[in-house]
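Treat the numbers as computed from the prediction; the structure is a model and nothing was measured. Only heavy atoms go into these numbers, but all of them, side chains included; no hydrogens, no water, no symmetry mates.
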Amino acid sequence: MNSKRSNRSHPVDPHLVHRSRDLLDRAEVLFDDAAGITDDGAERFRQFYLAAIRAAGAILAVYEPPGPVRRRRNARDAWSRVKAVAPQYAELAEYFGGLSLMRSRVEAGLVRQVDDTLCARVERRAAEFLDAADASLLAYEQGRLSVSGAVSDGLGAGA
């Protein structure tokens with residue numbers, strides 16, 4: 001009668017799932033829209049970046065405790081917060097955090113062209129980040145990921 005289960009189930013908050021899934025759906029729409037843009041690269045770059053930041057929001061919806069965001073030292077933007085609460089995604093957060101200034105310069109009209117090679121790299125990394133966010137949300141939905149981010153079966157980056 002004592003069955004030994006290695007997979008513990010964590011409670012799942014349907015509101016958290018809805019919020020995260022909504023952000024992830026928005027990220028996927030932005031990503032798909034960006035892939036269809038045939039401009040000088042600036043708008044494509046911007047949309048891929050925005051898709052990644054929506055994916056970061058989906059990850060934060062799962063990993064950050066519910067309630068108001070507490071301002072941590074050096075953790076004011078989404079990328080810093082992802083690194084703080086979901087370190088398995090730190091490399092991707094670091095990559096996109098490094099593109100924040102360029103994104104703001106594109107939006108301000110200061111950068112009007114973005115190299116095709118950079119756009120392709122941002123597209124690949126954005127796709128990777130969307131997949132990571134989807135994996136985290138799926139693990140949470142299945143009860144394998146607690147709200148605090150502790151995973152019961154070893155899910156991590158690249159899962």
Side-chain angles (χ1 to χ4, degrees), residues 15-142 144-145 147-149 151 154-159:
H15 298 293
L16 187 150
V17 170
H18 176 73
R19 184 171 55 248
S20 184
R21 182 62 60 199
D22 181 55
L23 287 163
L24 193 54
D25 288 346
R26 291 183 199 185
E28 290 171 356
V29 167
L30 283 165
F31 185 90
D32 291 343
D33 288 350
I37 294 173
T38 58
D39 70 348
D40 52 18
E43 182 61 14
R44 229 173 36 237
F45 166 85
R46 188 181 81 82
Q47 295 235 3
F48 284 132
Y49 180 94
L50 291 175
I53 206 159
R54 294 296 184 291
I59 287 172
L60 290 171
V62 170
Y63 282 86
E64 280 188 332
V69 174
R70 289 183 303 207
R71 297 289 182 188
R72 297 180 190 100
R73 183 182 295 194
N74 298 326
R76 299 188 191 289
D77 61 37
W79 306 120
S80 297
R81 289 168 43 212
V82 166
K83 289 189 286 187
V85 299
Q88 67 272 35
Y89 306 123
E91 181 186 344
L92 286 164
E94 187 73 29
Y95 177 78
F96 284 104
L99 296 173
S100 294
L101 179 59
M102 183 169 184
R103 189 274 315 232
S104 63
R105 292 175 57 88
V106 165
E107 288 183 341
L110 300 172
V111 172
R112 295 198 172 133
Q113 291 185 333
V114 175
D115 179 74
D116 285 341
T117 303
L118 177 59
C119 276
R121 190 175 311 124
V122 172
E123 179 180 9
R124 282 191 306 275
R125 298 309 300 263
E128 185 180 350
F129 207 43
L130 268 69
D131 288 345
D134 191 50
S136 288
L137 180 54
L138 184 61
Y140 179 78
E141 287 174 314
Q142 293 173 348
R144 297 183 291 126
L145 184 68
V147 172
S148 66
V151 180
L155 179 75

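The pair Arg54-Asp25 fails the salt-bridge criterion, with no side-chain N (NZ, NE, NH1 or NH2) lying under 4.0 Å from an Asp/Glu carboxylate O.
For the salt bridge (charged side-chain N to carboxylate O under 4.0 Å, His left out) test, no residue two or more places apart in sequence or in another chain qualifies with Asp32. Listed by chain and residue number, Val17, Arg21, Leu137, Leu138 satisfy the side-chain contact (heavy atoms from CB on, under 4.5 Å) test with Glu141 (two or more places apart in sequence, or in another chain). Qualifying side-chain contact (heavy atoms from CB on, under 4.5 Å) partners for Thr38, counting only residues two or more places apart in sequence or in other chains: none.
A 4.5 Å side-chain heavy-atom check between His15 and His18 finds every atom pair outside the cut-off. Side-chain atoms of Leu50 and Arg26, non-hydrogen and from C-beta on, never get closer than 4.5 Å to each other. The shortest side-chain heavy-atom distance between Tyr89 and Tyr63 falls under the 4.5 Å cut-off. Under the 4.5 Å side-chain criterion, counting only non-hydrogen atoms from C-beta, Trp79 is not in contact with Leu92.
The OH atom of Tyr95 lies 8.0 Å from the CZ atom of Arg124; values are rounded to the nearest 0.5 Å. For the atom pair CZ (Phe129) and CG (Leu24), the distance works out to 10.5 Å, reported to the nearest 0.5 Å. If you take CD on Gln113 and CG on Leu118, they are separated by 13.0 Å, rounding to the nearest 0.5 Å. Here CZ of Phe48 is found 10.0 Å from CZ of Phe96. Values are rounded to the nearest 0.5 Å. Note: Cys119 SG to Gln47 CD = 11.0 Å, rounded to the nearest 0.5 Å. Taken from CD1 in Ile59 to CG in Leu130, the straight-line distance is 9.0 Å, to the nearest 0.5 Å.
Closest approach of Ile37 to Arg44, counting heavy atoms only: O-CD, 3.2 Å. Pairing each heavy atom of Ser20 with each of Ala58, the nearest pair is OG-O, 2.9 Å. Looking at every heavy atom in both residues, Ala42 comes nearest to Val111 through CB-O, 4.2 Å.
Of the N and O atoms on the side chains of Glu107 and Tyr49, not one donor lies less than 3.5 Å from an acceptor on the other residue.
Within the 3.5 Å criterion, the main-chain N or O of Ala133 finds no donor-acceptor partner in the side chain of Ser136.
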